[in-house]
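What follows is a short report on a single structure.
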Amino acid sequence: MAKDKFHYEVKQALVYEGWNITDDPLYIKIGTIPLQIDLGAEKIIGAEKDGEKIAVEIKTFSLLSFNTAFYDAVGQYIVYREALEIIESERVLYLAMPIDTYEEYGSELLIQRVLTKNKIKIILYESSTQHIVSWLK
């Protein structure tokens, strides 16, 4: 599977924030169904605390149609989240999307309802600076 256009930039942004990239990509298999999430990462919170683990699905939303890209991203997110619940429930899934895309479409009523009702966690990134702007939980 081809990597998204800003795969490297999001990966570097996570590293800059102290995340250790453990999987690139994160392969999981549920029964006979193989899945490939863009990144797996973990962060040690403290010497005696459990580390935090995340999985990140990176999207550029560079298709001609935002709607089509959004349908694809939401569908993938839901399937990946369910798969992680089965085999690695401590890992939290995030959808990484460009900040400019979120600023353009994120306030739309339908987009907000879909994100909220499906409890989609988002990482907003700025690709040109390899910087994470915000974590929306």
Side-chain angles (χ1 to χ4, degrees):
M1 184 176 272
K3 292 183 179 182
D4 280 271
K5 181 178 178 183
F6 298 121
H7 182 95
Y8 176 80
E9 288 81 353
V10 172
K11 181 178 174 179
Q12 285 306 114
L14 288 168
V15 170
Y16 294 152
E17 287 208 357
W19 290 91
N20 177 36
I21 304 301
T22 57
D23 301 275
D24 181 8
L26 172 62
Y27 292 104
I28 57 177
K29 190 171 184 180
I30 307 297
T32 61
I33 300 173
L35 301 171
Q36 182 178 314
I37 303 171
D38 290 325
L39 294 172
E42 62 184 26
K43 192 176 211 180
I44 303 302
I45 299 171
E48 300 196 14
K49 295 183 180 178
D50 291 333
E52 186 178 355
K53 291 184 177 184
I54 62 172
V56 180
E57 181 59 23
I58 303 163
K59 293 296 176 196
T60 59
F61 292 89
S62 61
L63 296 175
L64 293 177
S65 166
F66 170 80
N67 290 352
T68 301
F70 186 68
Y71 303 154
D72 180 52
V74 169
Q76 270 187 302
Y77 184 94
I78 291 169
V79 170
Y80 292 169
R81 183 181 60 205
E82 292 303 313
L84 286 171
E85 279 290 318
I86 294 169
I87 64 163
E88 211 173 334
S89 61
E90 75 280 1
R91 194 178 292 270
V92 178
L93 180 63
Y94 284 87
L95 173 65
M97 71 182 335
I99 183 67
D100 57 335
T101 300
Y102 188 80
E103 287 174 345
E104 184 172 350
Y105 297 102
S107 63
E108 294 287 336
L109 176 62
L110 180 60
I111 302 305
Q112 279 299 307
R113 286 185 62 112
V114 169
L115 296 175
T116 302
K117 282 191 157 218
N118 289 286
K119 298 179 176 114
I120 296 176
K121 294 173 176 35
I122 299 174
I123 298 172
L124 298 176
Y125 66 88
E126 174 55 62
S127 60
S128 63
T129 61
Q130 298 179 351
H131 177 73
I132 293 175
V133 177
S134 185
W135 296 74
L136 306 178
K137 301 176 183 181

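Hydrogens, waters and symmetry mates play no part in the numbers below; they use all other heavy atoms, side chains included.
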Original post:
What's the spacing between Lys29 NZ and Thr32 OG1 if we round to 0.5 Å?
Top reply: 7.0 Å
Original post:
Which residue, Ile54, Ile21, Thr22, forms the side-chain contact (heavy atoms from CB on, under 4.5 Å) with Leu39?
Top reply: Ile21
**OP:** Output yes when a side-chain donor or acceptor of Glu57 lies under 3.5 Å from a complementary backbone atom of Asp38, and no otherwise.
**Re:** yes
Original post:
Nearest heavy-atom pair of Tyr125 and Thr60: which atoms, and what distance?
Top reply: OH-CA, 3.8 Å
Original post:
Are side-chain heavy atoms of Arg81 and Ile78 found at a separation under 4.5 Å?
Top reply: yes
Subject >> Leu124 side chain near Met97 side chain, heavy-atom distance below 4.5 Å >> reply: yes
Subject >> Non-hydrogen side-chain atoms of Asp24 and His7 separated by less than 4.5 Å >> reply: yes
**OP:** Search all heavy atoms of Arg91 against all heavy atoms of Asp23 and return the closest pair with its distance.
**Re:** NH2-OD2, 4.1 Å
**OP:** Give the cluster check for Ile86 versus Tyr27: same hydrophobic cluster or not, with ILVMFWY residues linked at side-chain heavy-atom distances below 4.5 Å.
**Re:** no
Subject >> Check: Gln36 main-chain N/O paired with Tyr80 side-chain donor or acceptor under 3.5 Å >> reply: yes
Subject >> Trp19 side chain reached by Glu52 side chain, heavy atoms, under 4.5 Å >> reply: yes
**OP:** Any chance you could measure Gln12, atom CD, to Ser127, atom OG, to the nearest 0.5 Å?
**Re:** 13.5 Å
Original post:
Taking a hydrophobic cluster as the set of Ile, Leu, Val, Met, Phe, Trp and Tyr residues connected by side-chain heavy atoms closer than 4.5 Å, whether directly or through intermediates, do Tyr105 and Leu109 fall within one such cluster?
Top reply: no
Subject >> Nearest heavy-atom neighbours spanning Gln130 and Tyr8 >> reply: NE2-CE2, 3.4 Å
Original post:
Shared ILVMFWY cluster between Tyr71 and Leu110, side chains joined below 4.5 angstrom?
Top reply: no
**OP:** Output the distance between atom CD (Glu82) and atom OH (Tyr77), rounded to the nearest 0.5 Å.
**Re:** 10.5 Å
Subject >> From Ile30 atom CD1 to Leu35 atom CG, the distance as rounded to the nearest 0.5 Å >> reply: 6.5 Å
Original post:
Which atom names give the shortest non-hydrogen contact between Gly106 and Ile111, and what distance separates them?
Top reply: CA-CG2, 4.3 Å
Original post:
By ring-ring contact (aromatic ring centres under 6.0 Å, His included), which residues pair with Tyr102, not counting sequence neighbours?
Top reply: none
Original post:
So, for Leu93 and Val56, which heavy atoms are closest and what is the spacing to 0.1 Å?
Top reply: CD1-N, 4.4 Å
Original post:
Going only through I, L, V, M, F, W and Y residues with side-chain contacts under 4.5 Å, is there a path from Phe70 to Val79?
Top reply: yes
**OP:** Output the distance between atom OG1 (Thr68) and atom CZ (Phe61), rounded to the nearest 0.5 Å.
**Re:** 11.5 Å
Original post:
Do Phe66 and Val114 sit in the same hydrophobic cluster, where Ile, Leu, Val, Met, Phe, Trp and Tyr count as joined when their side-chain heavy atoms come under 4.5 Å apart?
Top reply: yes
**OP:** Provide the closest heavy-atom pair for Glu17 versus Trp135 in the form atom of the first, atom of the second, distance.
**Re:** OE1-NE1, 3.1 Å
Original post:
Would you say the side chain of Asp72 lies within less than 4.5 Å of the side chain of Lys59, judging by non-hydrogen atoms?
Top reply: yes
Subject >> Flag side-chain contact, heavy atom, 4.5 Å: Leu115 against Ile122 >> reply: yes
